[in-house]
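Input: a single structure, listed below in structure tokens.
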There are 2 protein chains.
Amino acid sequence: MVNKHDSRSEETKNTILNVAGKLFSKKGYESVTMREIAKEAGCSHTTIYLYFKDKETLLHQLTMPSLRELHQTLQEIHIMNSIISEDKLKRISHEYLHFCMINRNMYSLLMNAKSTRVDEERPELEINKVRIGMFNLLKQVIQECLLMPNNDLLLAFTRTFYYNLNGIISTYLDNHEPLSILMERLTPTFNLAVEVLILGFREKLKQKVETN
Amino acid sequence: MVNKHDSRSEETKNTILNVAGKLFSKKGYESVTMREIAKEAGCSHTTIYLYFKDKETLLHQLTMPSLRELHQTLQEIHIMNSIISEDKLKRISHEYLHFCMINRNMYSLLMNAKSTRVDEERPELEINKVRIGMFNLLKQVIQECLLMPNNDLLLAFTRTFYYNLNGIISTYLDNHEPLSILMERLTPTFNLAVEVLILGFREKLKQKVETN
DNA sequence: TTTATTTATAACCAATGGTTAGTAACTAAA
DNA sequence: TTTAGTTACTAACCATTGGTTATAAATAAA
């Protein structure tokens, strides 16, 4: 039988997480203050420090579940047999872009995982694992798409593809347009970018074969 | 005959600008404090506010001259007759990347020109002019490269190219590797990206022609 | 009821960007 | 030379923030 103490602290922790998640999404991590979160959660701002080491830990604990989910989604798309690899790549790109646009705070964390944190169950290792995992997944899908060996050129292609995705996100990071409208407006351009890259990769591959 | 008053204030202002420029470059805009700048400049931190409205104004006044210079450089490359447009594109990309990597603070300003500032001689208008100017220049060079009309497809191509450049920059924004080493390591990848994009654009164009 | 444990808050701290009041230095006029 | 005015600069102050420490409140156990 859970006692009131346990349930009270659990409830407080969850409330803080929920409120923080909402506020971060709405106003951006940097501009939300701990006092604001506390007020909305109905507690003192110092209570937050009973459960979370600092502000960044809060963001981190909000991020990892969603990130794992994204990674899972991308993996599921990857192993689908019913679609060709070029379409997989488009779907993966779309999911990644969509996720990052919704979760702009998390995107920053994803890009800037601090390597200063070696305590706390090696969270950087986990987030790095997920990052690397997604990069490698992208690499595999590109490899399948191009029917090429796993070599330096594939790495460079994957990087280029990755730059493009992240360029898109960073271009619209501070855009205040509603997401659904933004995605509707720009998805054709995003898809074009993927197609152009694949075409370019194929041509580059051809060139390499012709010079060898 | 300039009096001591005038020369003294001019000197103070320039010292502050110089010091700020160095510190921003070295440690990043966000992590440099006004008190730190003041200390290095040999004045009180409140003196800074005699000359500059706020911290952002300081960054802005440091940024615009360099940005104008970059824009000028890119324009000069554009009008060069001695090189083909594909090489122009590579040179322009290289200059832009190099500039942004050196001036990461300014890059942020470039990407995030605040629209909240309508006082102060319309600086947002100026920075927007430069941004738009550079985007249009890029568009022109891509157009020449591809020998295509100025249409929606060209705009989408230019956007894609722009995403790529900015993806590169944002990927390495917090990288602490010395710039010369970073550029040496990655310039081949950056050039490959440009080539891939151009190849892809050409193929896309071909497809469009074939379906019309 | 008293004591121990857990949860939470209030008081406090250092630091920051920025504002306001006061002082020092310089120049011009008497 | 002295006085008044102007300019450059500083110190005191402010509100706010993330975070720490001391204290209070709530709950469970003896």
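This one's a predicted model, so the numbers in the text were calculated from it and none came from an experiment. Order of the sequence lines sets the chain letters (A, B, ...), proteins ahead of strands, with each chain counted from 1.
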_If you only use heavy atoms from C-beta on, which nucleotide in C/dT7, C/dG18, D/dG18 is closest to the side chain of B/T46?_
C/dG18
*Would you mind telling me which of C/dA11, C/dT9, C/dG18 lies closest to the side-chain atoms of B/M34?*
C/dG18
*Check whether more than 12 heavy atoms from other residues, nucleotides or ligands sit under 6.0 Å from atom CD of B/E69, and answer yes or no.*
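For B/E69, atom CD is not crowded (no more than 12 foreign heavy atoms under 6.0 Å).
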Does a side-chain N or O from [X] land closer than 4.0 Å to OP1 or OP2 of [N], or not?
{"X": "A/R8", "N": "C/dA8", "result": "yes"}
{"X": "B/S44", "N": "D/dC9", "result": "no"}
{"X": "A/T12", "N": "C/dA8", "result": "yes"}

*Look at all strands and tell whether B/T47 reaches a base, only sugar-phosphate, or nothing, counting heavy atoms closer than 4.0 Å.*
base
*When you match B/I48 and A/Y49 each to their closest nucleotide on DNA chain D, which lands nearer the 5' end?*
B/I48
_Using a 6.0 Å distance limit plus a 45 degree cone around the ring axis, check whether B/K55 lies over the aromatic ring of B/Y29._
yes
*Test item: A/I142 and A/L197 side chains (from C-beta on) under 4.5 Å apart, heavy atoms*: no
*Write down the distance between CD (A/E36) and P (D/dT17), rounded to a whole number of angstrom.*
8 Å
_Between P on C/dC13 and CZ on A/R35, what's the gap in Å once rounded to a whole number?_
14 Å
